[in-house]
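Worksheet: the structure to be examined is printed underneath.
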Amino acid sequence: MASRGVLNNALDAVGNTPLIRLDRIAKAEGLQCNLLGKVEYTSAGGSVKDRIAKRMVEAAEKEGKLIPGKSVVIEPTSGNTGIGLAMACAVKGYSVIITMPNKMSLEKEAALRALGAEVVRTPTEAAWDSPESHIGVAQRLQKEIPGGIILDQYRNVNNPLAHEYTTGPEIIEAVTSTPSTLAQPSSGKVDVFVAGAGTGGTVTGISRAIKKTHNPDCVVVAVDPKGSILAFPDTLNAEGKGAQYIVEGIGYDFIPDVLSRDPKDVNAWLKTSDEESFEAVRKLMRLEGLLVGGSSGSALSGALRWLKSEEGRKVAQTKGANVVVLLPDGIRNYMSKPWFLKLALEAEPSPLAKQISSILKEDSSSEVKRDVDGLADGIAKRTQPDEENRPDNLDEVSRS
């Protein structure tokens, strides 16, 4: 890869993420097509949301909506957009306040605070239009804080435009610039694109980039967690509607303005469960060496399920067909989460582990399992919003 030279600041390191072959997963699943992952955690702030944060801030500056020394950026977010905004505001010198539901990880809050953001937690169960929700609290703060401005990822056109003008073209360039060979055949096109839907800006913007400028016949598949209401038609959302889910960053209880549910933009929707999402995360880690977050597992599990469907089987068995899966962020934000600790530390002992145990004349597997249970349960308890040791309260040292 050619050097990009010396960059001016962290914002110049947003995007330009790799498209990586997921050949071991494809082989394990019996796929003949090319399964490709767009790995967004290599962006400067660690996620696909860096792109929209950068574009929203720069657009607001051009429009005169952000004034250095006066403006306070306020944003309701599940975390990654907030991190991207906090990074942009650190570089540009703006104050920033992030409102975020309680279910979002401790790591996200820590990263936000490290970047200088103020963080306000809100009840996870609060409806989006409730005054207590992360959106409602952000709106109240915006009204009462001088210079407060909500860039509003849910309605800001620069959300999907960031992906139409950067993420989509990067995917197209990577696919079209890779020659087809006997060993690695390629159609030269993006034949299928799969992504999770949160605000919907990612799947909408990338779909438009691909369909407008590259391949109008590309099949775009959006993935929505059970409990959310984004999928179309609405009948897909009936099962488990309103139920809580663990995966972060995708799904909502309202339809964001930036999400296109038009079948011309998004051809198919799939609902996924936490269990299948985390199993797909395990595959990405163990088979491909990619330390991704839970929503990446949702996207992959959705892709694999679509490829086994009646519509997808033909693509799955077509050598050279290119199926691109968007992997939004990395495991950095979730390392204290019980689902990850159990996935990482409670795995079935490998033959090598048993050999080590035999050599050392001790059976450590049962001890590891007990330790993991205690660790996962302890961290889960520690990060509950009503606990005294929440990170926005005094720590143990200062309480002594």
Side-chain angles (χ1 to χ4, degrees), residues 9-11 13-14 40-58 60 66 71-124 126 132-142 145 147-154 156 159 162 198-199 201 246-250 293-295 328-337 340 379 382-385 387 389-395 398:
N9 55 51
L11 295 180
V14 168
E40 289 293 294
Y41 68 70
T42 62
S43 184
S47 86
V48 70
K49 295 292 191 169
D50 294 351
R51 299 174 184 267
I52 73 168
K54 176 182 177 181
R55 186 176 179 91
M56 290 194 303
V57 167
E58 292 181 345
L66 282 179
S71 296
V72 178
V73 174
I74 303 169
E75 189 72 16
T77 170
S78 58
N80 280 330
T81 301
I83 292 171
L85 284 172
M87 176 180 68
C89 290
V91 170
K92 291 177 174 289
Y94 298 109
S95 297
V96 59
I97 302 170
I98 299 301
T99 60
M100 189 168 66
N102 283 325
K103 94 166 190 178
M104 305 310 167
S105 72
L106 184 67
E107 289 86 345
K108 287 179 180 176
E109 181 170 341
L112 286 163
R113 292 182 181 278
L115 288 165
E118 297 295 334
V119 180
V120 179
R121 292 281 194 158
T122 62
T124 299
E132 291 78 33
S133 73
H134 66 310
I135 295 174
V137 170
Q139 291 171 341
R140 178 183 173 187
L141 292 173
Q142 188 268 331
I145 293 177
I149 178 173
I150 297 177
L151 297 179
D152 197 354
Q153 62 177 324
Y154 304 108
N156 194 317
N159 178 344
T199 66
I246 298 172
V247 171
E248 299 180 29
I250 57 174
S295 60
D329 70 358
I331 199 59
R332 175 197 72 185
N333 288 340
Y334 312 102
M335 294 185 73
S336 71
K337 287 293 198 178
F340 171 67
I379 290 177
R382 183 175 173 78
T383 56
Q384 289 301 308
E387 290 295 310
N389 50 15
R390 286 286 305 139
D392 52 354
N393 285 315
L394 300 175
D395 60 27
S398 58

Any non-hydrogen side-chain atom of P328 less than 4.5 Å from a side-chain atom of S295?
yes
Is M100 close to H134 at the side-chain level, that is, under 4.5 Å between some pair of heavy atoms?
no
Using the rule given for salt bridge (Lys or Arg N to Asp or Glu O under 4.0 Å), can you reason through E107 versus K337, listing the C-alpha separation, both sets of side-chain angles and the distance that settles it, and then say yes or no?
CA-CA 9 Å; E107 289 86 345; K337 287 293 198 178; over 6 Å; no
When you compare the side chain of E132 with that of V137, does any pair of heavy atoms fall below 4.5 Å?
no
Minimum-distance pair of heavy atoms, taken over all atoms of L66 and Y94:
CB-OH, 3.7 Å
Between the CZ atom in R332 and the OG atom in S105, the distance rounded to the nearest 0.5 Å is 9.0 Å
Using a 3.5 Å distance criterion without hydrogens, assess whether the side chain of E75 forms a donor-acceptor pair with backbone atoms of D152.
yes
Just verifying a value: how many Å separate N9 CG and M87 CE, rounded to the nearest 0.5 Å?
9.0 Å
Any side-chain heavy atom of V48 within less than 4.5 Å of one from Y41?
no
Hey, does the side chain of S43 reach the backbone of G46 with a donor-acceptor pair shorter than 3.5 angstrom?
no
Please tell me if the side chains of Y334 and D329 come closer than 4.5 Å, counting only heavy atoms from C-beta onward.
yes
Atom of V91, atom of A10 and distance for their closest heavy-atom approach
CG2-CB, 4.3 Å
In the structure I gave you, are the side-chain heavy atoms of L141 and I97 within less than 4.5 Å of one another anywhere?
yes
Which heavy-atom pair separates I98 from A117 by the least distance, and what is that distance?
CG1-CB, 4.3 Å
May I ask you to test the F340-I331 pair for a side-chain heavy-atom distance under 4.5 Å?
yes
Check step by step if side chain to side chain contact (heavy atoms under 4.5 Å, CB included) holds for Y154 and N159.
CA-CA 8 Å; Y154 304 108; N159 178 344; over 6 Å; no
Run the side chain to side chain contact (heavy atoms under 4.5 Å, CB included) test on T122 and N102 for me, step by step, so that the C-alpha distance in whole Å, both residues' side-chain angles and the decisive distance to 0.1 Å come before the verdict.
CA-CA 6 Å; T122 62; N102 283 325; over 6 Å; no
Testing the basics here: between I150 and A138, what is the closest heavy-atom pair and its distance to 0.1 Å?
CD1-O, 3.6 Å
What I'd like to find out is whether the side chain of L151 reaches to under 4.5 Å of the side chain of L85, using heavy atoms alone.
yes
Out of curiosity, T199 OG1 to I52 CD1, how far, rounded to the nearest 0.5 Å?
5.5 Å
Does N80 use its side chain to pair, donor to acceptor, with the backbone of K49 at less than 3.5 Å?
no
Value for NZ (K108) from OG (S47), rounded to nearest 0.5 Å, stands at 8.5 Å
Contact summary for A162 and R51, nearest pair of heavy atoms:
CB-O, 3.8 Å
Check whether more than 12 heavy atoms from other residues, nucleotides or ligands sit under 6.0 Å from atom CD of E58, and answer yes or no.
yes
Please answer whether the main-chain N or O of A88 pairs with a side-chain N or O of K54 as donor and acceptor at a distance below 3.5 Å.
no
Spacing of N333 atom CG and L112 atom CG [to the nearest 0.5 Å]
8.5 Å
Sub-3.5 Å donor-acceptor pair from the side chain of R121 to the main-chain atoms of T99, do we have one?
no
Could you report the tightest heavy-atom contact between L115 and A90, atom names first, then the distance?
O-CB, 4.0 Å
Would you please say whether a donor-acceptor pair under 3.5 Å links the side chains of Q153 and T81?
yes
To the nearest 0.5 Å, tell me how far E109 CD sits from I83 CD1.
11.0 Å
Does any N or O in the side chain of T124 come within less than 3.5 Å of the main-chain N or O of K103, such that one atom is a donor and the other an acceptor?
yes
